[in-house]
Amino acid sequence: MSGGAVASLPEGLLDGGVWFRVEEPGTASAVRRAAERLAAELDMPERRIADLSIVAAEAAGNLTKHADQGTILVRVVRSADRAGVELIAVDSGPGMADVGHAIGDGHSTAGTLGIGLGAILRQASRWDLHSVPGKGTVLSVQVWPDVVPEALWAAGLTRPLNGETVSGDAYAVREIDGRRQLLLSDGLGHGGLAAAASQEAVRGFLRAPAVPPAQVVEVLHRTLGHTRGAALAVAEPDPSAGVVRYAGLGNISGMVLAPDGSRRGMVSMPGIAGHQRRQIREYDYAFAPGAIVVMHTDGLVDRWNLADYPGLVTHTPEVIAATLLRDAGTRRDDAGVLVARVP
């Protein structure tokens, strides 16, 4: 699972997905067509493409009618030998005071995703929703062709700088020889060359041997020498040992969020992978049951507080990542965030 261009996807679409700003009725049609196109490329059965079409039309239509600053991400989601389509709908307010009531068919409250939620959730293979009055709503919906796989333990989101078509940020997740590892990369600068550096980091990460994070970062440093370089970090949550192992070069923010909402920052060393580094160091951090790992590039600011989002830490990695991107992401830079909850 990675964020960036992948040849197996429809031409013009990214593995990280396509963001739509949903403010006009015509955009809702574009969202529906993009979702249908992805599903067709995945050879999804016609009945599931029809279900997905309902999900996309309802979600985008609700944003058009009711939401403040609505956006939708349409992307492929993969697990083992199967693939589905995921839509993540985000708005900035005013949020739902009673999510359970809003899910009922026909309910509509101005400024929310209320109306049509029942129809959306009936077609969904998996869904999650978090809403806070005054802040807005995040809805994640997945439509799979048949058997629904287990929920993914990690999920990331990337969004390009305003005016750019590709993001210089990318992420990847892997399980290899009993290790669960996460990569987040921020290619130097913006645009195509930054994206190329991060994609090379993703390829190097997925090919790297099953070694601890510091050694993976060393491999990536050697791999990126022909690119403009990147800030990057690798995390390895290990619940059985009660630790997260972490190593990074450059300005990647990593943290462990405890179930009580407290957070502990993780340290990256100064440098640019591929060009400048001192010693690469690996640090261990306590990882209690129920904790999650969050990593983000400098396209997100650190001034956010989990106390402002009651219950968010219990939601899926997709919804947590989308909430942080909405409220902490800047439009003046590429933005990337990666969230993991290890069973």
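Everything quoted here is computed from the prediction, not taken from an experiment.
- A donor-acceptor pair under 3.5 Å is formed between the side chain of His226 and the backbone N or O of Thr223.
- Counting only heavy atoms from C-beta outward, the side chains of Gln69 and Arg326 never approach each other to under 4.5 Å.
- Between Arg33 and Glu36, none of the side-chain N atoms (NZ, or NE/NH1/NH2) sits under 4.0 Å from a carboxylate O, so this pair counts as no salt bridge.
- Across Gly192 and Val166, no two heavy atoms sit closer than the pair N-CG2, 4.0 Å.
- Between the CD1 atom in Ile320 and the CG atom in Leu325 there is a gap of 13.5 Å [rounded to 0.5 Å].
- Residues Leu161 and Val337 do not share a hydrophobic cluster, defined by chaining ILVMFWY side chains whose heavy atoms lie under 4.5 Å apart.
- Checked by atom type and distance alone, the side chain of Arg126 pairs as donor or acceptor with a backbone atom of Pro149 at under 3.5 Å.
- No path of Ile, Leu, Val, Met, Phe, Trp and Tyr side chains, each step under 4.5 Å between heavy atoms, connects Val202 with Val219, placing them in separate hydrophobic clusters.
- The backbone N or O of Pro317 sits nowhere less than 3.5 Å from a side-chain atom of Trp153 that would complete a donor-acceptor pair.
- The shortest non-hydrogen separation linking Ser198 to Ser185 is OG-OG, 2.9 Å.
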Set out, in order, the CA-CA distance, both residues' side-chain angles and the distance that settles side chain to side chain donor-acceptor pair (under 3.5 Å) for Glu318 and Gln142, then state yes or no. CA-CA 11 Å; Glu318 293 92 341; Gln142 295 179 1; 3.3 Å; yes
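- One N or O on the side chain of Glu282 and one on the backbone of Ala214 form a donor-acceptor pair closer than 3.5 Å.
- Under the 4.5 Å side-chain contact rule for hydrophobic residues, Ile72 and Ile54 do not share a cluster.
- In the hydrophobic clustering of ILVMFWY residues, with side-chain heavy atoms under 4.5 Å counting as a link, Trp127 and Val74 come out together.
- Between the OG1 atom in Thr314 and the NE2 atom in His130 there is a gap of 7.0 Å [rounded to 0.5 Å].
- Defined by atom type and a distance below 3.5 Å, a donor-acceptor pair is present between the side-chain atoms of Thr316 and Asp128.
- Checked by atom type and distance alone, the side chain of Arg174 pairs as donor or acceptor with a backbone atom of Phe205 at under 3.5 Å.
- Shortest non-hydrogen contact noted between Pro310 and Val132 is CD-CG2, 4.1 Å.
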Stepwise side-chain contact (heavy atoms from CB on, under 4.5 Å) check, Asp334 with Thr158: CA-CA 7 Å; Asp334 296 328; Thr158 61; over 6 Å; no
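- Within the model, atoms CD of Glu164 and NE2 of His190 stand 7.5 Å from one another, a figure rounded to the nearest 0.5 Å.
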List the steps and the verdict of side-chain contact (heavy atoms from CB on, under 4.5 Å) for Leu87 and Val85. CA-CA 7 Å; Leu87 282 77; Val85 177; 4.0 Å; yes
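- Checked for salt-bridge contact, Arg222 and Glu218 meet the test: a charged N lies under 4.0 Å from a carboxylate O.
- Partners of Asp308 according to the side chain to side chain donor-acceptor pair (under 3.5 Å) rule, which considers only residues two or more places apart in sequence or in another chain, do not exist here.
- When hydrophobic clusters are built by joining Ile, Leu, Val, Met, Phe, Trp and Tyr residues whose side-chain heavy atoms come closer than 4.5 Å, directly or via intermediates, Ile272 is not grouped with Leu184.
- Here the side chains of Arg245 and Val243 are in contact, with some heavy-atom distance below 4.5 Å.
- Shortest non-hydrogen contact noted between Asp177 and Ala210 is OD2-CB, 3.5 Å.
- Here the side chain of His221 pairs no donor or acceptor atom with the backbone of Ala273 at under 3.5 angstrom.
- Atom CD1 of Ile49 sits about 8.5 Å away from atom CG of Asp43, to the nearest 0.5 Å.
- No donor-acceptor pair under 3.5 Å is formed between the side chain of Arg180 and the backbone N or O of Ala340.
- Of all non-hydrogen atoms in Ala154 and Val173, the two that sit nearest each other are CB-CG2, 4.0 Å.
- Taking CE of Met44 as the reference point, atom CG of Leu38 lies at 9.0 Å (rounded to 0.5 Å).
- Here Asp327 contributes atom CG and Tyr309 contributes atom OH; the two are 3.5 Å apart, rounded to the nearest 0.5 Å.
- Using a 4.5 Å cut-off on side-chain heavy atoms (C-beta onward), Phe287 and Val293 make contact.
- Relative to the ring axis of Trp144, Arg82 does not place its NZ or CZ within 45° and under 6.0 Å from the centre.
- Contact record, Thr64 with Ala28: OG1-CB, 4.3 Å, taken as the closest heavy-atom pair.
- A side chain to side chain contact (heavy atoms under 4.5 Å, CB included) with Ile280 holds for exactly one of Leu220, Val216, Leu249; it is Leu249.
- Side chains of Asp51 and Ser125 form no contact here, defined as non-hydrogen atoms less than 4.5 Å apart.
- Remark: side-chain polar atoms of Tyr171 are not paired, donor with acceptor, to backbone N or O of Val339 under 3.5 angstrom.
- Of the possible polar contacts, one joining the Asp169 side chain to the Ala335 backbone as a donor-acceptor pair under 3.5 Å is found.
- A donor-acceptor contact closer than 3.5 angstrom is absent between the side chains of Ser79 and Glu150.
- Using modelled atom types, no side-chain atom of Glu236 and backbone atom of Ala247 make a donor-acceptor pair closer than 3.5 Å.
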